[in-house]
Amino acid sequence: MRLEPFTPTQLLLGIDVPELPEVETIARGLANAITGKTIESATVLRPVVYPEPVRFGKEIVGERIAAVGRRGKFVVLSLGSGRRLVVHLRMTGRLIVQRAEATDSEPYTNVVLGFRDRTRLCFADVRRFGRMRLVEPEEEWASDVGLEPLSRAFSFERFSSLLDGRPTPIKVFLLDQRRIAGLGNIYACEALWDARIRPSRPAGTLSKPARKRLHISIQSVLRRAIELRGTSIDDYVDAQGRRGGFQNVLSVYGRDGGACTRCKSPIKRTVLAQRGTWWCRTCQKH
DNA sequence: AGGCGTACCTGAGGGC
DNA sequence: TGCCCTCAGGTACGCC
């Protein structure tokens with residue numbers, strides 16, 4: 001994926017194929033850029049919102065952005081009324097803050113929220129998979145979203161019990177957002193390499209030491225990726241003009257044929273659950 | 001219930 | 001040059 005260069009008047013907060021570290025980076029950037037602002041206008045250009053566009057617009061105008069956070073791969077904008085605007089970027093979604101005088105609007109824009117101070121938030125998405133949903137204060141929108149892997153709730157015991165009895169390949173398990181929320185293809189592959197575990201290994205058959213390593217690896221890979229502000233496969237920069245940095249330290253993802261940094265064997269690409277899977281056959285034996 | 005296959009969507013890149 | 005074709009990815013949905 002490659003996108004048009006953007007003007008200096010735009011603050012780019014989107015990164016390709018957002019997983020937990022990218023969504024966290026986007027949410028932090030948004031928190032800085034729009035917390036406290038009041039929505040003055042809403043333009044829905046594509047029907048990727050809930051409720052339907054007309055009602056969505058009516059409901060959201062006048063709301064103030066009280067806070068911006070993340071849950072799994074969802075960006076969560078908490079609004080003054082207690083409602084929340086929940087955004088999933090899926091594959092190519094981007095949340096971009098622009099100044100109103102920016103002449104070029106973001107390409108592939110779905111929704112524009114205009115603020116009283118004449119800045120605006122654009123929700124753009126080339127592939128139109130992303131969704132934006134207004135959630136009522138009492139509404140339980142995240143009941144299907146699994147454990148936050150960087151929270152205290154993600155204890156070894158909880159993690160291990162989720163694996164028990166599961167015949168599904170461990171990599172497929174890691175991608176299941178109902179169990180653990182936030183891992184996508186990149187960080188699932190990276191965590192398994194770090195823990196020296198074969199991606200096709202049935203989840204429930206992992207030994208206790210392997211489970212311990214994976215529990216640590218999931219957290220350390222995600223923490224490091226957040227520190228590096230995510231993975232930019234293409235030439236993106238963030239709100240401060242900086243690229244994500246994790247693409248420079250990938251161990252396996254997308255490195256088909258490259259040398260394993262641990263054992264020098266070639267990295268292999270296979271397919272699991274219709275997903276590209278990169279791993280080292282020599283050192284991922286557990 | 002859980003696991004699997006497919007649809008969704010579009011640009012990039014390869015083959016001829 | 002340009003036209004096909006395939007691929008990539010996360011999630012929802014229908015099916016067994």
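Sequence lines set the chain letters: A, B, ... in the order given, protein chains first and strands last, and positions in each chain run from 1.
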Check your understanding: Does A:Y108 place a side-chain N or O at less than 4.0 Å from the phosphate oxygens OP1/OP2 of B:dC9?
Key ->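 No, outside the criterion.
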Practice item. Ignoring backbone atoms, establish whether A:R178 has a side-chain N or O less than 4.0 Å from OP1 or OP2 of B:dG2. Key: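 For A:R178, the contact criterion (side-chain N or O under 4.0 Å from OP1 or OP2 of B:dG2) is not met.
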**Study point:** Pairs touching residues 159-214 of chain A that satisfy ring pair (Phe, Tyr, Trp, His ring centres under 6.0 Å), sequence neighbours left out
**Key:**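 Non-adjacent pairs meeting ring pair (Phe, Tyr, Trp, His ring centres under 6.0 Å): A:F154-A:F159, A:F159-A:H215, A:Y187-A:F246.
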Review point. Do the non-hydrogen side-chain atoms of A:P169 and A:P202 ever get within less than 4.5 Å of each other?
Key: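 Heavy-atom side-chain distance check fails, nothing below 4.5 Å.
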**Study point:** Worked check of salt bridge (Lys or Arg N to Asp or Glu O under 4.0 Å) between A:E19 and A:K73
**Key:** CA-CA 6 Å; A:E19 303 181 26; A:K73 298 178 194 171; 5.7 Å; no
May I have the distance from [X] (atom [atom1]) to [N] (atom [atom2]), rounded to whole angstrom?
{"X": "A:R46", "N": "B:dC8", "atom1": "CZ", "atom2": "C1'", "answer": "13 Å"}
{"X": "A:D164", "N": "B:dG2", "atom1": "CG", "atom2": "C1'", "answer": "16 Å"}
{"X": "A:I170", "N": "B:dG3", "atom1": "CD1", "atom2": "C1'", "answer": "15 Å"}

Practice item. State plainly whether the residues A:D117 and A:K37 are in salt-bridge range, i.e. N to O under 4.0 Å. Key: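 Answer for the salt bridge query: yes.
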Exercise for review: To the nearest 0.5 angstrom, please state how far the CG atom of A:L206 sits from the OG atom of A:S160.
Suggested key: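 Rounded to the nearest 0.5 Å, the CG-OG separation comes out at 9.0 Å.
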Review point. Rounded to the nearest 0.5 Å, how far does CD of A:E22 lie from OG1 of A:T231?
Key: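 Spacing of OG1 (A:T231) from CD (A:E22) equals 5.0 Å.
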Review point. How does protein reach along nucleotides 9-16 of chain C, written 5' to 3' as B (base within reach of a heavy atom under 4.0 Å), S (only sugar-phosphate), or - (no contact)?
Key: BBBS----
Exercise for review: Using the side chain to side chain contact (heavy atoms under 4.5 Å, CB included) rule, take A:L77 and A:I34 through it: C-alpha gap first, then chi angles, then the decisive distance, then the call.
Suggested key: CA-CA 10 Å; A:L77 292 88; A:I34 64 170; 3.7 Å; yes
Practice item. Apply salt bridge (Lys or Arg N to Asp or Glu O under 4.0 Å) to the pair A:R84 and A:E63, showing each step before the final yes or no. Key: CA-CA 10 Å; A:R84 287 140 294 168; A:E63 286 278 14; over 6 Å; no
Practice item. Map A:R128 and A:P167 onto DNA chain B by nearest heavy atom, then report which one ends up closer to the 5' terminus. Key: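 With A:R128 and A:P167 compared, the 5'-side residue is A:P167.
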**Study point:** Between the first and last five pairs of the helix from B:dG2-C:dC16 to B:dC16-C:dG2, the angle of the axes, rounded to 10 degrees
**Key:**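 It comes to 40° between the two terminal axes.
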